[in-house]
Amino acid sequence: MAYWLMKSEPTTYSIDDLAQARGKKGFWDGVRNYQARNFIRSMQPGDLAFFYHSSCKVPGIVGIVQVTQSPRPDETAFDPASAYFDPDSKPENPRWFGVDIQLVEKLPEIITLTELRHHPALSELQLLKRGNRLSVMPVTKVEWRVILDLHQ
DNA sequence: GCCAACGTTGGC
DNA sequence: GCCAACGTTGGC
């Protein structure tokens with residue numbers, strides 16, 4: 001089982017949107033970056049991910065989600081009306097993928113980006129690397145544990 | 001295949 | 001709103 005970190009802009013899709021969705025389930029889509037796409041395609045049911053709020057007043061980890069199914073084609077790429085439309089992605093040969101997730105837990109308190117930056121054991125966290133812009137990235141088991149323990 | 005121009009991301 | 005960093009595009 002693998003661990004991940006997924007970013008979302010709360011004005012677009014927040015942890016509360018997921019919490020209020022039916023079954024607390026959602027489909028993570030709209031990723032249009034090949035490296036991120038490759039990470040998505042390597043996800044497996046049961047994988048866990050931190051849900052991260054980006055581009056907002058206080059960026060940070062706000063919850064934990066679980067991958068419920070194998071990744072599947074991102075259909076927003078086929079929809080000309082969608083902001084994520086990509087005419088080069090065809091249903092018979094999809095270029096972009098998304099993944100089904102379910103909320104496991106909304107954290108009682110946000111673990112802020114500042115806190116993450118502060119912890120020496122997280123110096124190698126992809127999120128903190130210079131110039132990082134990926135919307136989804138792997139987290140090691142050790143990092144996962146350290147982050148969860150931050151608020152213990 | 002190079003690289004300049006451009007668009008996007010995302011923290012501050 | 002600024003701007004650094006980075007990916008993508010397209011001319012050559």
Side-chain angles (χ1 to χ4, degrees), chain A residues 2-21 26-43 47-67 71-151:
Chain A
Y3 299 96
W4 307 94
L5 183 144
M6 298 166 137
K7 294 183 191 170
S8 188
E9 299 188 19
T11 53
T12 303
Y13 192 83
S14 74
I15 189 83
D16 290 318
D17 291 327
L18 181 60
Q20 284 157 26
F27 186 60
W28 175 270
D29 60 13
V31 170
R32 296 292 179 271
N33 170 286
Y34 286 102
Q35 204 181 339
R37 189 275 311 268
N38 292 342
F39 283 140
I40 288 174
R41 285 204 300 200
S42 70
M43 289 180 174
D47 283 3
L48 292 170
F50 287 127
F51 194 97
Y52 178 92
H53 279 173
S54 69
S55 291
C56 54
K57 200 158 189 175
V58 183
I61 293 168
V62 290
I64 296 168
V65 301
Q66 186 160 39
V67 174
R72 54 188 171 89
D74 180 349
E75 299 192 0
T76 61
F78 311 142
D79 177 8
S82 169
Y84 301 123
F85 177 58
D86 179 359
D88 294 330
S89 182
K90 307 290 186 190
E92 61 273 17
N93 185 24
R95 171 178 293 185
W96 306 113
F97 288 75
V99 71
D100 293 278
I101 57 172
Q102 182 170 32
L103 183 65
V104 173
E105 179 193 5
K106 180 183 169 180
L107 296 181
E109 257 195 310
I110 183 171
I111 300 175
T112 66
L113 177 59
T114 308
E115 287 177 77
L116 297 174
R117 282 200 197 285
H118 249 265
H119 202 291
L122 298 175
S123 61
E124 294 303 306
L125 192 68
Q126 291 254 1
L127 179 75
L128 306 181
K129 291 294 178 81
R130 197 172 59 112
N132 158 70
R133 286 171 23 185
L134 283 181
S135 54
V136 52
M137 64 198 79
V139 172
T140 69
K141 188 168 188 171
V142 171
E143 288 164 344
W144 181 271
R145 194 69 249 164
V146 168
I147 291 169
L148 281 183
D149 284 346
L150 281 179
H151 281 193

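Labels below follow one simple rule: chain letters A, B, ... track the order of the sequence lines, proteins then strands, and each chain is numbered from 1.
Using a cut-off of 4.0 Å between Lys/Arg side-chain N and Asp/Glu carboxylate O, R32(A) and D86(A) are scored as not salt-bridged. Note on R37(A) versus D74(A): no salt bridge recorded, every NZ/NE/NH1/NH2 to OD/OE distance being 4.0 Å or above.
Across the protein-nucleic acid pair, R117(A) atom CZ and dC12(B) atom C1' stand 10 Å apart, rounded to whole Å. Following rounding to the nearest Å, L116(A) (CG) and dC12(B) (C1') show an atom-to-atom distance of 16 Å. Residue D88(A) contributes atom CG, which lies 10 Å from atom P of dG10(C) at whole-angstrom precision.
To the nearest 0.5 Å, the span separating OH on Y52(A) from CG on L5(A) amounts to 7.5 Å.
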Check the interface with nucleotides 6-9 of chain C: list each N/O to N/O pair with the protein under 3.5 Å, or write none.
{"residue": "dC6(C)", "atom": "OP1", "partner": "R130(A)", "partner atom": "O", "Å": "3.1"}
{"residue": "dC6(C)", "atom": "O2", "partner": "R133(A)", "partner atom": "NH1", "Å": "2.2"}
{"residue": "dC6(C)", "atom": "O2", "partner": "R133(A)", "partner atom": "NH2", "Å": "3.3"}

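Two rings, from W96(A) and Y34(A), have their centers less than 6.0 Å apart.
Nearest approach of H151(A) to E115(A), heavy atoms of both residues: NE2-OE1, 2.8 Å.
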